[in-house]
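Note that ligands are numbered from 1 as they come in the structure, with each ligand's atoms numbered from 1 the same way. Owing to the predicted nature of the structure, the values given are computational and were not obtained by experimental measurement.
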Amino acid sequence: MAQQSKHAAIFHQSKNESLGGRVKLSDHTFKDPTLFEILFLGTSASAPSVKRGLSAQIVMHDEYRFLVDCGEGTQRQILQSGIGFRNLTRILLTHGHLDHILGLGGLMSTFLRWESVDELDIFGGRSTLDRVHDLLYGVVLRGNQPPMPLRMNEIKPGTFFEADDFTVSAFSVSHRGPDCLGYIFEGKARRPFLNEKATELGVPFGPERRDLVAGKEIFLSDGKRITPDDVLGPLQKGVKLVIVGDAGKTENLVDVCKDADALVIESTYLDEEAEMAGQFSHLTARQAAELAIKAGVKKLILTHISRRYREKDVIKEAQALFPNTVVARDFDSFQIKREE
Ligand SMILES: [Zn+2]
Ligand SMILES: [Zn+2]
């Protein structure tokens with residue numbers, strides 16, 4: 001049932017492999033495969049505050065876990081959140097500024113001695129990976145081997161990861177320094193399985209339903225022929241979650257954010273200090289809200305919050321333009337579903 005990727009160059013893992021060859025029927029027929037969950041581990045800009053750690057968030061879908069950025073202190077936030085290290089084998093980096101990568105040093109140190117994962121893939125732009133390489137190999141490992149197969153995957157804008165029912169793509173972001181990236185998590189378009197319709201037609205619970213989902217026709221015991229068209233609804237777009245790291249402008253982000261069900265983006269400044277925001281290549285809450293409107297996103301989640309402001313002032317500025325805005329706090333988690 002798992003479709004093999006047509007893109008050999010894309011990192012791909014089929015559900016079959018991950019389940020050791022077993023296919024769980026429920027994965028495709030009964031669960032909603034178009035749902036991501038995002039857990040915020042750190043939401044502070046530049047330096048931590050009493051209440052906020054540095055940038056890190058985990059995107060989850062089924063057994064997949066993607067840690068996006070890994071600011072200092074991330075491993076403790078992982079422990080405190082209760083999510084643990086299991087399956088945390090992929091780290092995506094938006095850029096190489098220290099408030100987004102320093103946690104990798106501590107994480108690797110812990111992996112050397114205690115917790116471990118089977119393998120680790122770090123994804124990012126070239127200059128980001130260069131700095132991470134210095135941190136891990138120059139400071140933490142210093143001639144020792146990493147405690148697991150460690151791969152540094154340089155990525156460029158485009159799709160770089162594909163699973164059975166979703167893809168992850170990167171896009172360019174303008175911020176201080178080269179190779180800054182944002183990420184799109186997108187469910188593949190699919191035709192939902194109409195359980196009630198199938199039951200009405202007498203399709204038993206079992207491999208027959210799996211075959212229909214896989215596009216094969218089946219014959220019931222009385223000889224009646226059932227085709228996929230009989231039990232599959234119209235094609236539906238998958239859920240779309242966009243994560244922009246630090247950014248200095250939004251004009252080049254409208255297209256990639258188009259119709260996202262949720263947009264996670266920095267909001268380091270308020271409009272009253274828009275000039276300083278521009279100087280340091282960061283965004284104001286107002287700019288983030290304006291982008292949400294232009295791109296037609298459904299929900300705006302602000303993060304990378306500066307200690308210089310009160311949270312309620314950030315919310316107020318964004319909500320005045322875009323009401324469906326929240327400011328993420330450490331350990332907040334959101335389910336991202338397809339919004340009509
Ligand atoms: Zn930052
Ligand atoms: Zn930055």
Atom nearest to the Zn ion (ligand 2) - His97, N, O or S atoms considered: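 This turns out to be ND1.
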Shortest-distance N/O/S atom, His175 versus the Zn ion (ligand 2): NE2
Opening angle at the Zn ion (ligand 2) [NE2, His95; OD2, Asp246; to 10 degrees]: 90°
Is the distance between the ring centroids of [Y] and [X] under 6.0 Å?
X: Phe185; Y: Phe166; value: no
X: Phe111; Y: Phe85; value: yes
X: Phe36; Y: Phe334; value: no
X: His100; Y: His304; value: yes

Donor + acceptor pair across side chains of Arg131, Ser127 (<3.5 Å):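 The answer is no; no qualifying pair exists.
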Identity of the N, O or S atom of Asp99 lying closest to the Zn ion (ligand 1):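 Result for Asp99 and the Zn ion (ligand 1): OD2.
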Shortest-distance N, O or S atom of His100 relative to the Zn ion (ligand 1):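 Looking at His100, the N, O or S atom with the least distance to the Zn ion (ligand 1) is NE2.
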